[in-house]
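Some notes on the structure that comes next.
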Amino acid sequence: MADTITVFKGDGIGPEITDSVLRILDAAGADLNYEVFNVGAAEYEAHGELIPKEGYASMEKTHILLKSPITKGFRSLNVTLRKKYDLYANIRPAKTNSAVKTAFENVDIVIFRENTEDLYAGVEEMIDKDTVHSIKIITRRCCERIIRAAFDYAVSHNRKKVTCVHKANIMKMADGMFRDIFYDISKEYPDIEADDKIVDNVAMQLVMHPEKFDIIVTENLYGDVLSDLVSGLIGGLGLLPSSNLGKDFAMFEAVHGSAPDIAGQGIANPTAFLWSACMLLEHIGKNDVAAKIRKAVDLVLEDGSVLTPDIGGTATTIEYEKAIIAHL
Ligand code: NAI
């Protein structure tokens, strides 16, 4: 029986790239049923809710969400979804591609960012009118699950090394615990190399020697900063997919936003969102369909004659989509 997934269309270029990606999934034989909802700023203006109740109900039934970008402003829908469904692991694979020229070669890094605690727990207190305390919360449970997720991924994706990134020289208790748990858990994975590095050193090393990194596992704040740095190494946000995984739910989305400057022009690049959909397919065991789509995208990018403007071409979203479908 076909799997059913929930799809949120979002704002700006969201609807355009969603339509393209769903057509590519169908053409590749993904055999999925879609429950599609409009969400985000436009939905809020029309009906007073960022996500319609039926959208939540669908997510709670399918447990799998493909979400296109939304225009932020008043309330972060992403934070809402991460908290509500405890999507604790934010995974961002970044790989250099021959179609996009950058100063860096051989980048193939996957960042595992803890998504639910750290300074992002939002615990802040006004001590007096000139003093604010912002509390960094690190718990054993959340350290263990993100670190285990990184090692499990290393095993299932044939990766060689996991690097723990921290600042334990200063935050001896919080980051010290993160690093200690990392080494405890690493003993369960004897075939995967484990090492640790201090975050400021990593920022420098990523620019000097990105090829030395494989999988990075880190806390929320460091992961937020480093994943944007890594996206710069591979040529920007247009080619960066992501997944947000929890124990019971999973959400897949491009790292980029709703790109209001090009919305409605039919020139958005759907690749990051398509690769996010490939991560979804792999998550539900449809690895062969994902591989077929990835191969077709690689062929189109390598050929270089049908590319969207953000990566140096003149093609429309639909021309690019058709080229991918032709290569499936
Ligand atoms: P953005 O990522 O939407 O756009 C930055 C630049 O990259 C723009 O010039 C845009 O045209 C280009 N770009 C982005 N994606 C592209 C694509 N697929 N194809 C071609 N060009 C692309 O970032 P910006 O402009 O800072 O944010 C716009 C809105 O999106 C804001 O409201 C922001 O808060 C929201 N946002 C939403 C996210 C999400 O829903 N996950 C993530 C990041 C931003």
Side-chain angles (χ1 to χ4, degrees), residues 2-3 5 7-34 36 66-69 92-102 104-108 231 233-243 252-284 286-328:
D3 291 278
I5 65 165
V7 179
F8 286 177
K9 269 196 167 180
D11 297 305
I13 59 170
E16 306 164 36
I17 60 175
T18 305
D19 290 344
S20 268
V21 164
L22 297 190
R23 284 192 293 261
I24 294 169
L25 289 176
D26 287 343
D31 193 22
L32 295 171
N33 292 324
Y34 312 113
V36 183
L66 182 63
K67 175 190 155 292
S68 83
R92 293 179 173 187
K95 197 167 184 230
T96 35
N97 192 293
S98 55
V100 185
K101 299 282 166 271
T102 74
F104 304 94
E105 286 174 1
N106 306 321
V107 178
D108 186 2
S231 81
L233 301 179
I234 63 155
L237 292 170
L239 298 174
L240 206 61
S242 80
S243 61
F252 301 83
E253 63 177 344
V255 169
H256 63 72
S258 58
D261 53 336
I262 57 163
Q265 296 177 28
I267 55 166
N269 183 350
T271 311
F273 196 46
L274 182 59
W275 280 337
S276 307
C278 288
M279 292 175 84
L280 183 157
L281 291 171
E282 286 151 2
H283 182 77
I284 60 173
K286 293 184 182 262
N287 298 45
D288 48 342
V289 186
K292 192 160 135 187
I293 295 173
R294 287 184 190 281
K295 178 92 192 142
V297 174
D298 283 349
L299 290 171
V300 173
L301 292 176
E302 269 162 34
D303 170 67
S305 62
V306 188
L307 301 178
T308 47
D310 58 302
I311 48 173
T314 54
T316 63
T317 310
I318 289 182
E319 285 164 350
Y320 180 72
E321 167 204 321
K322 286 188 172 153
I324 292 170
I325 289 174
H327 280 86
L328 283 170

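Numbering starts at 1 and runs along the sequence shown. What's counted below: heavy atoms across the whole structure, side chains too, no hydrogens, waters or symmetry copies.
Summarising the geometry, atom CG belonging to Leu66 is positioned 12.0 Å from atom CE belonging to Met279; distances are rounded to the nearest 0.5 Å. Atom CG of Asp310 and atom OG1 of Thr271 lie 7.5 Å apart (nearest 0.5 Å). Separation of atoms CG (Leu281) and CD1 (Ile5) is listed at 8.0 Å; rounding is to 0.5 Å. In this structure, the separation between CG on Asp3 and OH on Tyr34 is 10.5 Å, given to the nearest 0.5 Å. In this structure, the separation between CG on Leu25 and CG on Asp31 is 11.5 Å, given to the nearest 0.5 Å. Here Ser242 contributes atom OG and Phe273 contributes atom CZ; the two are 10.0 Å apart, rounded to the nearest 0.5 Å.
Every residue two or more places apart in sequence or in another chain that forms a ring-ring contact (aromatic ring centres under 6.0 Å, His included) with Phe252 is listed here: His283. With sequence neighbours left out, the side chain to side chain donor-acceptor pair (under 3.5 Å) criterion links Asp303 to Ser305.
At least one side-chain heavy atom of Asn269 sits under 4.5 Å from a side-chain heavy atom of Leu239. Put simply, the side chain of Val21 does not reach to within 4.5 Å of the side chain of Val7, judged on heavy atoms. Counting heavy atoms from C-beta outward, Arg23 and Ile318 have side chains that approach closer than 4.5 Å. Taking the side chain as every heavy atom from C-beta outward, Leu240 and His256 never approach each other to under 4.5 Å. Residues Asn97 and Ile311 form no side-chain contact, since every pair of their non-hydrogen atoms from C-beta on lies 4.5 Å or further apart. In this structure, the side chains of Asp108 and Thr96 stay at 4.5 Å or more apart for every pair of heavy atoms. Pro69 is listed as a side-chain neighbour of Ile17, based on a closest heavy-atom distance under 4.5 Å.
For Thr317 against Ser20, the heavy-atom pair with the smallest separation is CG2-OG, 3.5 Å. Smallest separation of non-hydrogen atoms from Ala315 and Pro309: O-CD, 3.4 Å. Pro15 approaches Gly12 most closely through the heavy-atom pair CD-O, 3.3 Å. Between Asp11 and Ser258, the shortest heavy-atom distance links the atoms O-CB, 3.5 Å. Across Ala268 and Ile262, no two heavy atoms sit closer than the pair CA-CD1, 3.9 Å. Contact between Ser68 and Gly14 at its shortest, heavy atoms only, is OG-CA, 3.3 Å.
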Which atom pairs, one a donor and one an acceptor, fall under 3.5 Å between side chains of residues 293-301 and the rest of the protein, sequence neighbours left out?
unit_1: Arg294; atom_1: NE; unit_2: Glu282; atom_2: OE2; d: 3.0
unit_1: Arg294; atom_1: NH2; unit_2: Glu282; atom_2: OE1; d: 3.2
unit_1: Arg294; atom_1: NH2; unit_2: Glu282; atom_2: OE2; d: 3.2

Stepwise side-chain contact (heavy atoms from CB on, under 4.5 Å) check, Lys9 with Asp19: CA-CA 9 Å; Lys9 269 196 167 180; Asp19 290 344; 3.0 Å; yes

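A donor-acceptor contact shorter than 3.5 Å links the side chain of Glu319 to the backbone of Thr316. Thr102 contributes a side-chain N or O that, together with a main-chain N or O of Leu233, makes up a donor-acceptor pair within less than 3.5 Å.
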